[in-house]
Amino acid sequence: MPGITDRYKGEPLLKTQELAHGTLECVDIHRSRRFYEEVLGLQVLQTSPRSLMIRKGSNHTYAVVETGKVNAQMILLNHNGFNVGSVEEVDAAYETLLKVKDEYGLKQVQKPRHSHGDSSFYFCDLDGNWWEIVSVRPGGYSADYADEDRDLTGHHEFDDLKGNFNMIHTHDPDFRAQFRKVLDEKKDGANKGDQT
């Protein structure tokens with residue numbers, strides 16, 4: 001059952017340094033490379049006759065390995081996302097993909113929508129991988145780590161929320177205002193306690 005979690009305060013068992021890479025499978029390395037470069041604008045390097053490394057805008061990298069077989073399609077929830085600068089850019093990317101869908105073997109292109117404070121759309125590539133094109137604030141999701149009102153950790157007053165879970169998200173401005181009010185009330189209560 002969904003609920004608010006608490007932060008672990010101990011030392012981690014493993015001394016990892018960074019989340020550095022993931023792996024995607026492809027059926028045909030030539031077709032996939034064309035899609036990654038021509039459509040997504042990724043930086044691509046080939047590490048073996050059957051593998052590529054891809055990245056865009058950060059050091060996080062995906063290894064892409066040709067298996068030669070069509071696997072089950074990735075579920076949408078497990079998508080990979082690309083940030084763009086505005087809602088208009090989301091819409092323009094959607095229109096572009098509709099025009100080249102057949103040429104690049106895209107299996108599905110969903111209509112843009114507004115959900116949990118962000119505008120985006122999803123599409124499934126020739127290898128069954130789901131991708132999202134999303135308009136978020138500058139810094140993308142990484143910027144959330146610097147804002148107190150983006151982290152519900154430990155705020156158990158939100159454990160029993162009811163309603164549309166697509167809108168109960170700290171990217172949604174209405175929900176964030178509700179959360180900000182709770183944070184401010186807690187600070188005011190703490191400040192009053194300090195004065196006595």
Side-chain angles (χ1 to χ4, degrees), residues 2 5 8 11-116 118-145 166 169 171:
T5 59
Y8 176 65
E11 286 292 318
L13 297 174
L14 303 178
K15 304 300 182 202
T16 59
Q17 295 177 350
E18 66 180 298
L19 181 60
H21 75 278
T23 303
L24 298 171
E25 294 180 37
C26 74
V27 176
D28 179 331
I29 200 166
H30 301 281
R31 290 185 69 210
S32 294
R33 180 175 187 141
R34 183 173 173 247
F35 166 72
Y36 293 141
E37 289 180 323
E38 294 178 17
V39 176
L40 299 179
L42 301 182
Q43 183 180 7
V44 178
L45 62 94
Q46 187 156 6
T47 53
S48 80
R50 63 179 283 210
S51 64
L52 306 170
M53 296 290 277
I54 60 173
R55 71 178 185 175
K56 175 86 177 192
S58 75
N59 287 329
H60 187 277
T61 302
Y62 282 101
V64 179
V65 180
E66 182 183 291
T67 62
K69 60 182 180 180
V70 178
N71 291 313
Q73 185 169 295
M74 175 190 285
I75 63 169
L76 178 65
L77 184 62
N78 295 337
H79 66 273
N80 298 288
F82 289 100
N83 297 345
V84 295
S86 67
V87 174
E88 293 77 19
E89 288 180 50
V90 168
D91 294 338
Y94 169 74
E95 293 299 328
T96 297
L97 288 186
L98 285 181
K99 292 175 187 169
V100 299
K101 180 180 182 233
D102 294 335
E103 179 182 350
Y104 290 95
L106 303 182
K107 295 180 178 184
Q108 189 174 350
V109 181
Q110 295 187 350
K111 291 182 179 178
R113 63 187 183 128
H114 189 79
S115 180
H116 59 66
D118 299 322
S119 293
S120 69
F121 74 94
Y122 299 91
F123 64 97
C124 186
D125 72 16
L126 64 162
D127 296 310
N129 302 307
W130 279 98
W131 302 90
E132 178 184 27
I133 303 295
V134 60
S135 171
V136 294
R137 67 187 176 139
Y141 290 151
S142 293
D144 292 356
Y145 289 88
N166 284 329
H169 191 289
H171 279 207

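If you're wondering where the values come from, they're calculated on a predicted model, not measured in any experiment.
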Set of side-chain hydrogen bond (donor to acceptor under 3.5 Å, both in side chains) partners for Asp102, sequence neighbours left out: none

Closest non-hydrogen atom pair, Pro138 against Ala143: O-CB, 3.7 Å

Return all side-chain donor-acceptor pairs below 3.5 angstrom for residues 90-100, not counting sequence neighbours, or 'none' if the list is empty.
{"residue": "Thr96", "atom": "OG1", "partner": "Ala92", "partner atom": "O", "Å": "3.0"}

Listed partners of His21 passing ring-ring contact (aromatic ring centres under 6.0 Å, His included), at least two apart: none

Ring geometry between Phe35 and Phe123 (parallel below 30°, tilted from 30 to 60°, perpendicular above 60°): perpendicular

Under the side-chain hydrogen bond (donor to acceptor under 3.5 Å, both in side chains) test, residues paired with His79 that sit two or more places apart: Glu132

Glu103: partners by side-chain hydrogen bond (donor to acceptor under 3.5 Å, both in side chains), with sequence neighbours left out: Arg34

Check: Asp127 and Glu25 side chains under 4.5 Å, non-hydrogen atoms: no

Residues, nucleotides or ligands: over 12 heavy atoms within 6.0 Å of Asn78 CG: yes

Any residue meeting ring-ring contact (aromatic ring centres under 6.0 Å, His included) with Tyr104, in chain and number order, not counting sequence neighbours: none

Close side-chain approach of Tyr122 and Arg113, heavy atoms under 4.5 Å: yes

Note, Asp125 side chain near Leu40 side chain (heavy atom, < 4.5 Å): no

Pair Arg137 + Asp144: basic N to acidic O under 4.0 Å: yes

